[in-house]
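Okay, structure first, notes after.
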Amino acid sequence: MPELPEVETIRKALEKQITNKKIIDFHIGNKKLRFDLPEKFKQLVIGQTVMKPLRVGKFCLLPLCSGKNILIHLGMSGKIKITTSKTKLDIHDHAIIEFDDGTFVIYNDQRRFGFLDLTEENIFTNKFIKKLGPDSVSKKFDAIYLFNILKYKERNIKNILLDQSIVAGLGNIYVNEALHLSKISPNRRGKNISLKKCYDLIKNIKTILKNAIKAGGTTIKDHMQPDGSLGYFKQKLRVYGRSGCKCIMCKATIKEIKQSGRTSFYCGVCQR
DNA sequence: ACTTCGACCTGTTGGC
DNA sequence: TGCCAACAGGTCGAAG
């Protein structure tokens, strides 16, 4: 589910609601998430004050005063809910963090592809964080970097951009969107993309992500902001989920194909 | 080293 | 109406 803009939306809400608050209880549901919690997770987080939440790729981090960080990945269907009242739990509420002022942060994940972890002080020693490429909205993710990677790749650009070890934060929606805006076919091989096109692509990826963050992310089905409101970027999607509809640039019909098991949407006229 | 594929889960949708 | 297959915003690890 959540790609960078959805995770960033959640991070911002957490920043507003829990920064400098102390964890007084932690409860984990009986259903397994993708991975088990680290040993002693509970005792290492209770009593800790949370500092300003961070985001790395599709991960959200809650830095603790001990130096460790709670690492959150939302998988495909994960949500964060923030409440101030003890409401009835949903069957997919898998972790509940209680704060000293009565705020609750609830981790809910219907499909349980997501997970929680605890990192050391240096987050880059964490097994999940250390294999990520530069963040999609960072300066490190620039045209030269991308071009140097692409020039050896036989693989299609769609799958390259989904690879979190190359660039962190992009998922299926925004890769489709960025390729359409950049007029690049998802079938194009990495090595056949020029440096000039890389400049375009980088600029467009960042523009799309920033606009999506402003809109609170994209709600197709599952995503919601921690206060329960939706993400409004869906109304601005150019190709994702629009097969059979007209291309907004040239009026040709948007096509749908499968690439490594995932759906891609594109315009065969604009995108080459 | 590079790439694809199956597996992990639950819920919804569309075809018959 | 009911059943079943296919599919969904992700990613790990095995296999080719």
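Small disclaimer: the values here were computed from a predicted structure and weren't measured. Chain naming here is simple, since letters A, B, ... match the order of the sequence lines and numbering starts at 1 in each.
- Comparing A:Lys58 and A:Lys127 along DNA chain C, the residue whose closest nucleotide (by nearest heavy atom) sits nearer the 5' end is A:Lys58.
- Looking at A:Lys31 and A:Ile91, their side chains never come closer than 4.5 Å, going by heavy atoms from C-beta outward.
- Heavy atoms of A:Thr263 sit under 4.0 angstrom from primed sugar atoms or phosphate atoms, though from no base atom.
- At a threshold of 4.0 angstrom between heavy atoms, the contacts of A:Tyr240 are confined to the sugar-phosphate backbone, with no base atom among them.
- Regarding A:Ile72, its CD1 atom lies at a distance of 16 Å from the C1' atom of C:dG10, rounded to whole Å.
- Shown here is A:Lys183, whose NZ atom has no more than 12 heavy atoms of other residues, nucleotides or ligands within 6.0 Å.
- Aromatic ring orientation, A:Phe26 versus A:Phe41: tilted (interplanar angle from 30° to 60°).
- The distance from atom CD of A:Glu3 to atom CG of A:Leu209, rounded to the nearest 0.5 Å, is 8.0 Å.
- Here C:dC7 presents its P atom at 13 Å from CZ of A:Arg262, a figure rounded to the nearest Å.
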Toss me the dot-bracket line for DNA chain B: Watson-Crick and G-U wobble, both under 3.5 Å, 5' to 3', using | for pairs to another strand and [ ] for crossers.
.|||||||.|||||||
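- Spacing between atom CG of A:Asp117 and atom P of C:dC12 amounts to 12 Å, rounded to whole angstrom units.
- Between the side chains of A:Asn187 and A:Gln259, at least one donor N or O lies within less than 3.5 Å of an accepting N or O.
- For DNA chain C, the residues of residues 162-172 of chain A within the heavy-atom distance limit of 4.0 Å (strictly under) are A:Gln164, A:Gly171, A:Asn172, sorted by number.
- With C:dG13, C:dG10, C:dG9 as the choices, the nucleotide that has an atom nearest any side-chain atom of A:Ile220 turns out to be C:dG9.
- The distance from atom CG of A:Leu162 to atom CD of A:Gln164, rounded to the nearest 0.5 Å, is 7.5 Å.
- Counting heavy atoms from C-beta outward, A:Leu14 and A:Cys60 have side chains that approach closer than 4.5 Å.
- With salt bridges taken as basic N to acidic carboxylate O contacts below 4.0 Å, none links A:Glu15 and A:Lys12.
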Sequence-aligned protein contact record of nucleotides 3-11 of chain B, with B where the base is within under 4.0 Å of a protein heavy atom and S where only the sugar-phosphate is
SSS--BBBS
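- Around atom NZ of A:Lys22, no more than 12 heavy atoms belonging to other residues, nucleotides or ligands sit under 6.0 Å away.
- Backbone-only engagement by A:Lys258 is indicated by non-hydrogen atom pairs under 4.0 Å involving sugar-phosphate atoms exclusively.
- Within the 4.5 Å cutoff, no side-chain heavy atoms of A:Leu4 are placed close to those of A:Ile205.
- Ring pair A:Phe128/A:Phe115 is tilted by interplanar angle, where 30° to 60° counts as tilted.
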